[in-house]
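Atoms within each ligand, like the ligands themselves, are counted from 1 in listed order. Start at 1 with the first residue, then count along the sequence.
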Amino acid sequence: MDAVTFDGHGDTEVIGYGEVPDPEVGRDEVLVDVKAGALNHLDVWTRRGMPGLDLEMPHVPGSDGAGVVAEVGEDVRRFSDGDRVALSAGVSCGSCEFCRNGEYPLCASFHVIGEHVPGVHSEYAAVPADNLVPVPDHVDWETAAAAPLVFQTAWRMLNTRADVSPGESVLVLGASGGVGHAAVQIADHAGAEVFATASTEQKLQYAEELGADHVVNYEETDFADEIRAETGKRGVDVVVDHVGEATWDDSLRSLAKGGRLVTCGATTGGRPETHVQRVFWNQLSILGSTMATPGEADAALEHVWDGTFDVRVRDVLPMSETARAHELLENREGFGKVVVRPDSEYN
Ligand SMILES: [Zn+2]
């Protein structure tokens, strides 16, 4: 079968598309005939390489994907041939102290399909049955592939970690990205007043269409100054930050007293300076968040399947053009998710 591959870590030239061995289906696994996959910033980090990430090369990337069940392992009861499914990429052990408590994303051996183990950007993928969610017939493959990682991540950030209440104010940074556009909709659905930043007028308009009440062009103004001005110097209750170094100080500066910063990523770097006096004097909370529990993923995706949340797809490319997909993410071109389909499925 054909698959996207990384031949090593580095620039986009390490990305290939070609023949790899067919996957073997384990007892608790399902073979999925992949119809579509979606890119995340995680794919860019995995391609570049991160400290502690030791992958067997060539690596097949891809943490988001959807397709049809083609074969089930002998211990699998939840699925049968022909079922429509999407991948939820977080893998937990089920037996450590955190898993025993239901906190699967805190699992001592937590890892992500596509990041730490082979992913699903291929014609077929064998994945644990526990990592699949059913997809209703009316949902198209692009939506099914693009929603799981970012919607479950943003759902846990806002509803579980930041525990947003109706009437609170939430600032979402980078509303044009995958997590950003999910966070705007989830915060709006939670009854919050939503502030969003983006870099162009068109992206700000999309953010408004998805539920942002106030938008700030961060290329033109200092967003923290703008937030303080728009809130009568008060600041917002919650900031959703996945940008890291470039925004960290301004994110903290945008918070009201007692405010919460919730972070799930650091696309511009992970070692910002923190003004500690601001943290203790204003009694701020800094909350980390990664992926979600299966229950949180189900809750988020139910709202996608029923149309409450809209998955914006910026582009659909054949998997052989995955290098271009990485460029779209790295250059912050467009709004929403980049989808890739196996070349044999692309027309
Ligand atoms: Zn565990």
Side-chain angles (χ1 to χ4, degrees), residues 23-32 37-38 40-43 45-46 49-56 59-66 69 72-79 85-121 125-135 147-163 178-179 182-183 186 240 242 260 262-266 270 285-302:
E24 282 174 33
V25 187
R27 297 179 70 99
D28 59 352
E29 289 187 327
V30 167
L31 184 70
V32 180
N40 293 286
H41 263 283
L42 190 53
D43 296 285
W45 290 116
T46 306
M50 290 174 277
L53 184 66
D54 185 19
L55 293 175
E56 203 176 300
H59 174 68
V60 175
S63 304
D64 266 327
V69 172
V72 296
E74 48 200 296
D75 292 344
V76 174
R77 297 287 173 270
R78 277 176 69 221
F79 297 102
V85 292
L87 180 75
S88 182
V91 181
S92 44
C93 74
S95 56
C96 71
E97 62 170 305
F98 302 101
C99 287
R100 296 281 291 170
N101 243 335
E103 284 292 356
Y104 298 96
L106 295 185
C107 175
S109 59
F110 192 71
H111 58 279
V112 176
I113 293 170
E115 180 184 3
H116 308 97
V117 295
V120 298
H121 289 177
V127 296
D130 284 348
N131 286 88
L132 292 173
V133 291
V135 176
L149 192 143
V150 294
F151 276 87
Q152 68 177 275
T153 298
W155 183 274
R156 180 173 171 86
M157 290 176 88
L158 287 157
N159 291 322
T160 308
R161 301 293 287 140
D163 194 19
V179 167
I186 292 167
V240 175
H242 48 88
R260 295 96 81 196
V262 58
T263 171
C264 71
S285 299
I286 294 171
L287 305 164
S289 198
T290 288
M291 303 294 284
T293 66
E296 289 160 348
D298 287 351
L301 291 173
E302 266 169 41

At a cut-off of 2.8 Å, list the protein N/O/S atoms near the Zn ion (ligand 1), residue plus atom name. Cys93 SG, Cys96 SG, Cys99 SG, Cys107 SG
Which heavy-atom pair separates Leu149 from Ser63 by the least distance, and what is that distance? CD1-CB, 3.8 Å
Find out whether Thr46 and Leu55 are in side-chain contact, i.e. whether some heavy atom of one side chain is under 4.5 Å from a heavy atom of the other. yes
Would you say His242's side chain and Val240's backbone share a donor-acceptor pair under 3.5 angstrom? no
Determine yes or no for a side-chain-to-main-chain donor-acceptor pair under 3.5 angstrom, with His59 supplying the side chain and His116 the backbone. no
Using residues 89-106 as the side-chain source, report each donor-acceptor pair under 3.5 Å to any protein atom, sequence neighbours left out, with the distance given to one decimal.
{"unit_1": "Glu103", "atom_1": "OE1", "unit_2": "Arg156", "atom_2": "NH2", "d": "3.1"}

Can you confirm whether more than 12 heavy atoms, excluding those of Asp75, are under 6.0 Å from its CG atom? yes
